Protein chains: 2
Amino acid sequence: MRPRLDDLADDCTVEAAMEVIGGKWKLVILRHLLDGTKRFGELDRALPGITPRMLTRQLRELEADRLVLRTVYPQVPPKVEYSVTEIGQSLRTLVDQLEQWGHFYRRSLT
Amino acid sequence: MRPRLDDLADDCTVEAAMEVIGGKWKLVILRHLLDGTKRFGELDRALPGITPRMLTRQLRELEADRLVLRTVYPQVPPKVEYSVTEIGQSLRTLVDQLEQWGHFYRRSLT
DNA sequence: CAGGATCCCCGGGGATACTG
DNA sequence: CAGTATCCCCGGGGATCCTG
């Protein structure tokens, strides 16, 4: 039985989605932003272990993928806020479900 | 407002889940196995672009993480079947939802 | 048929120091 | 405060060839 042509497209869809949310800190950042708009420093402090460099990179990628909105307030000292876009919002149930599954998975291990 | 301690645990849960399903071919393989038990060669043919080496590696990791069951039939020529475990089954809705979101995401781009 | 062995490359990710 | 600039490392992933 040959695979249907649709499988190829669906596989690509799943792979594409993984590329967008597959970064090491992407979903963790998203989880925090889904609780509300946050500043760079807040995220930095909320994510123990992340470096400013990585935080910047992941945020920029999330922004490029239109999941996160970056708002710069032209003032001194600088103030930058990050929030989730509508597309980012659409990931809420997925993130929640991934977390649920994570718990289930941990409980399932012997 | 300090982050709640729970956030740390939940972040870890999400990250742990991503480690299990984050391999490049993991979910794609899972998608095919969720349609039914398949042999090595079937998967190899069903996944254009994958090499035998990568297929083996990802399958072994899925097996180690208890998402996939590997059944060897001691005969010549060799026959090996792969199927999803109960834990693997528990990912079905997640994979489906990821695919749904992938479609939504593509439609959302401009 | 179902892999194993080898070799290789790129880039995601990290550590540290510096700046408008 | 919110990042840049460098440097570096590891390993995920790929290509190719071989085998019980």
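Below, chain A is the first sequence line, B the second, and so on; all start at residue 1. Nothing here was measured: the structure is a model prediction, and the numbers come from that model.
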Look for any protein N or O under 3.5 Å of an N or O in nucleotides 18-20 of chain C and output each such pair with its distance, or none.
none

Do Glu42(B) and Arg39(B) make a side-chain contact, defined as non-hydrogen atoms from C-beta onward lying under 4.5 Å apart?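 Touching, per the 4.5 Å side-chain cut-off.
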Which pair of heavy atoms, one from Gly102(A) and one from Ala17(B), lies closest together, and at what distance?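 Taking Gly102(A) first and Ala17(B) second, the nearest heavy atoms are CA-CB, 4.3 Å.
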Measure the spacing between CZ of Arg57(A) and OG1 of Thr51(A) and express it to the nearest 0.5 Å.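 Rounded to the nearest 0.5 Å, the CZ-OG1 separation comes to 9.5 Å.
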Say you draw a straight line from CZ of Arg70(B) to CZ of Arg60(B); how long is it, rounded to the nearest 0.5 Å?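 These two atoms lie 3.5 Å from each other.
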Spacing of [X] atom [atom1] relative to [N] atom [atom2], expressed in whole Å:
{"X": "Gln75(B)", "N": "dC1(C)", "atom1": "CD", "atom2": "C1'", "value": "10 Å"}
{"X": "Lys79(B)", "N": "dA2(C)", "atom1": "NZ", "atom2": "C1'", "value": "13 Å"}
{"X": "Leu47(A)", "N": "dG3(D)", "atom1": "CG", "atom2": "P", "value": "14 Å"}
{"X": "Phe40(B)", "N": "dT19(D)", "atom1": "CZ", "atom2": "C1'", "value": "14 Å"}
{"X": "Leu59(A)", "N": "dC1(D)", "atom1": "CG", "atom2": "P", "value": "17 Å"}
{"X": "Glu42(A)", "N": "dA2(D)", "atom1": "CD", "atom2": "C1'", "value": "13 Å"}
{"X": "Leu55(B)", "N": "dA2(C)", "atom1": "CG", "atom2": "P", "value": "10 Å"}

Between protein and nucleotides 11-13 of chain C, what N or O pairs are separated by less than 3.5 Å?
from, atom 1, to, atom 2, distance (Å)
dG13(C), OP1, Lys24(A), N, 3.2
dG13(C), OP2, Gln58(A), NE2, 3.2
dG13(C), N7, Arg53(A), NH2, 3.1
dG13(C), O6, Arg53(A), NH2, 3.4

Check this for me: Gln75(B), atom CD, are more than 12 non-hydrogen atoms of other residues, nucleotides or ligands nearer than 6.0 Å?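 Result for CD/Gln75(B): enclosed.
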Have a look at Tyr82(B) and say if it touches a base, only the backbone sugar-phosphate, or nothing, with a 4.0 Å heavy-atom cut-off.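 Sugar-phosphate only.
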Short side-chain N/O contact to dG4(C) OP1/OP2 from Arg60(B), under 4.0 Å: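 For dG4(C), OP1/OP2 do have a side-chain N/O of Arg60(B) under 4.0 Å.
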Report the nucleotide, chosen from dA2(C), dG3(D), dT16(D), that has the shortest atom-to-atom distance to any side-chain atom of Arg70(B).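 Among dA2(C), dG3(D), dT16(D), the one nearest the side chain of Arg70(B) is dA2(C).
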Is any side-chain N of the basic residue among Lys38(A) and Glu81(A) closer than 4.0 Å to the acidic one's carboxylate O?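 No.
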When you measure from the side chain of Thr85(A) to the backbone of Leu69(A), do you find a donor-acceptor pair of N or O atoms at a distance under 3.5 Å?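 Not a single qualifying donor-acceptor pair exists.
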Verdict with reasoning, Arg31(A) to Glu99(A), per salt bridge (Lys or Arg N to Asp or Glu O under 4.0 Å): CA-CA 10 Å; Arg31(A) 272 178 50 79; Glu99(A) 184 189 327; 2.4 Å; yes
Restricting to ring-ring contact (aromatic ring centres under 6.0 Å, His included), what partner residues turn up for Tyr105(B), sequence neighbours left out?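 Partners of Tyr105(B) under the ring-ring contact (aromatic ring centres under 6.0 Å, His included) test: Trp101(B).
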